[in-house]
Amino acid sequence: MHDEELPILGTEPLVVEFANTLHGGEDFLGTAELSRLWFTTAGARPARDAAAARALRDSIHALFTAAVTGTAPPAAAIAHVNTAAAQAPTYPHLTRQPTGELVADDRGTATGDAALLGALAAACAGLLTDGRARLLRRCETPDCCLFFVQHHPRRRYCHESCAHRDRQARYYRRRAPS
Ligand SMILES: [Zn+2]
């Protein structure tokens, strides 16, 4: 884990970091305070309704788990993500840069939690359908299991600290008297 207190890798899309709030038997959106701390640390505006954020996180977590384990995605989770995304429709807004380059940013009319959770739901739908689903991985350290998008084919751990921990554990297992 990158952060000593929160499971925020700092390398992943926000929706992946969001799914990772369920980590090591702990729910980092479990209370209103934790939820506020997580959103702020992750660089997002905190959700007003921590329970709604947690419920959406559970659905996204279920879909990501299905993607990495190759199991059927639960219908209820799909329906939940669709409902959240529909509450905050966005559209791309093109702008011409001084260099002549065109850039698009997402605009929408929803505000507050609808916009925040809608954007996370839309990002989940995007990640699972734009080719990145097959790159979604879980950290190989047995007690970690954080999700990450494997942009480097040899990446097996969420973070270098986990790779180090796993190497150490293997070393001590080999040395342990049998
Ligand atoms: Zn890890």
Side-chain angles (χ1 to χ4, degrees), residues 1-30 34-47 50-74 76-85 87-88 90 104-106 108 113-166:
M1 233 175 4
H2 157 259
D3 195 288
E4 283 302 309
E5 279 150 30
L6 294 172
I8 295 176
L9 297 170
T11 51
E12 303 307 309
L14 185 64
V15 67
V16 173
E17 305 274 17
F18 185 57
N20 284 341
T21 54
L22 211 52
H23 177 65
E26 280 193 66
D27 185 346
F28 289 86
L29 302 180
L34 265 176
S35 181
R36 206 173 307 115
L37 178 66
W38 183 85
F39 275 104
T40 310
T41 310
R45 191 185 49 73
R54 200 156 55 235
L56 181 65
R57 188 280 320 279
D58 287 346
S59 291
I60 292 174
H61 192 278
L63 294 179
F64 284 1
T65 300
V68 298
T69 57
T71 54
I78 294 176
H80 188 183
V81 165
N82 282 341
T83 305
Q87 275 158 13
T90 59
D105 62 293
D106 284 338
D113 276 8
L116 174 72
L117 301 181
L120 285 165
C124 169
L127 192 139
L128 290 175
T129 54
D130 67 6
R132 281 177 294 165
R134 62 186 172 76
L135 298 177
L136 198 59
R137 293 285 184 282
R138 263 190 157 158
C139 182
E140 289 186 15
T141 299
D143 61 349
C144 179
C145 294
L146 287 183
F147 293 109
F148 61 89
V149 181
Q150 191 192 40
H151 286 305
H152 188 289
R154 286 209 303 267
R155 181 176 173 192
R156 291 165 53 213
Y157 302 96
C158 69
H159 187 264
E160 190 48 46
S161 61
C162 259
H164 180 69
R165 219 151 49 81
D166 203 34

Between Ala47 and Ala53 the two heavy atoms that sit nearest each other are CB-CB, 3.9 Å
Start with the C-alpha gap between His23 and Leu6, add the side-chain angles, then the distance that decides, and say whether side-chain contact (heavy atoms from CB on, under 4.5 Å) holds.
CA-CA 9 Å; His23 177 65; Leu6 294 172; over 6 Å; no
Please report the C-alpha distance between Val149 and Leu136 in whole Å, then the side-chain angles of each, then the deciding distance to 0.1 Å, and finally whether the side-chain contact (heavy atoms from CB on, under 4.5 Å) criterion is met.
CA-CA 5 Å; Val149 181; Leu136 198 59; 4.3 Å; yes
Is the shortest heavy-atom distance from the side chain of Arg165 to the side chain of Asp143 under 4.5 Å?
yes
Leu29 side chain near Phe39 side chain, heavy-atom distance below 4.5 Å
yes
Could you go through Tyr157 and Glu140, starting from their C-alpha distance and side-chain angles, then the distance that decides it, and tell me whether this counts as side-chain contact (heavy atoms from CB on, under 4.5 Å)?
CA-CA 6 Å; Tyr157 302 96; Glu140 289 186 15; 4.1 Å; yes
Just by distance, do the side chain of Gln150 and the backbone of Arg155 share a donor-acceptor pair under 3.5 Å?
yes
For Leu14 and Trp38, which heavy atoms make the closest approach, and how far apart are they?
CD1-CH2, 4.0 Å
Distance (rounded to the nearest 0.5 Å) between Phe18 CZ and Leu56 CG:
5.0 Å
Which atom names give the shortest non-hydrogen contact between Val15 and Phe64, and what distance separates them?
O-CE2, 3.9 Å
When every non-hydrogen atom of Ser59 is compared with those of Ala77, the smallest separation belongs to O-CB, 3.6 Å
Does a side chain donor of either Thr21 or Arg57 reach within less than 3.5 Å of an acceptor in the other side chain?
yes
Between Leu22 and Asp58, is the side-chain contact (heavy atoms from CB on, under 4.5 Å) condition met? List the steps.
CA-CA 8 Å; Leu22 211 52; Asp58 287 346; 4.1 Å; yes
Distance from Asp27 atom CG to Ser35 atom OG, nearest 0.5 Å?
9.0 Å
Exam field: side chain Arg36 to backbone Pro46, donor-acceptor pair closer than 3.5 Å
no
Output for pair (Ile8 CD1, Glu17 CD), nearest 0.5 Å, gives 6.5 Å
Which distance, rounded to the nearest 0.5 Å, do you find between the CG of Leu117 and the NE2 of His80?
8.0 Å
Report yes if the side chains of Pro73 and Thr65 come closer than 4.5 Å at any heavy-atom pair, otherwise no.
no
Any chance you could measure His61, atom NE2, to Phe147, atom CZ, to the nearest 0.5 Å?
4.0 Å
Which pair of non-hydrogen atoms, one from Cys145 and one from Pro142, has the smallest distance, and what is that distance?
SG-O, 4.0 Å
Closest heavy-atom pair and its distance - Ala88, Gly118:
CB-CA, 3.8 Å
Is it true that Asp166 and Arg156 have a side-chain N and a carboxylate O under 4.0 angstrom from each other?
no
Nearest 0.5 Å, what's the CZ-CG distance between Arg45 and Asp113?
6.0 Å
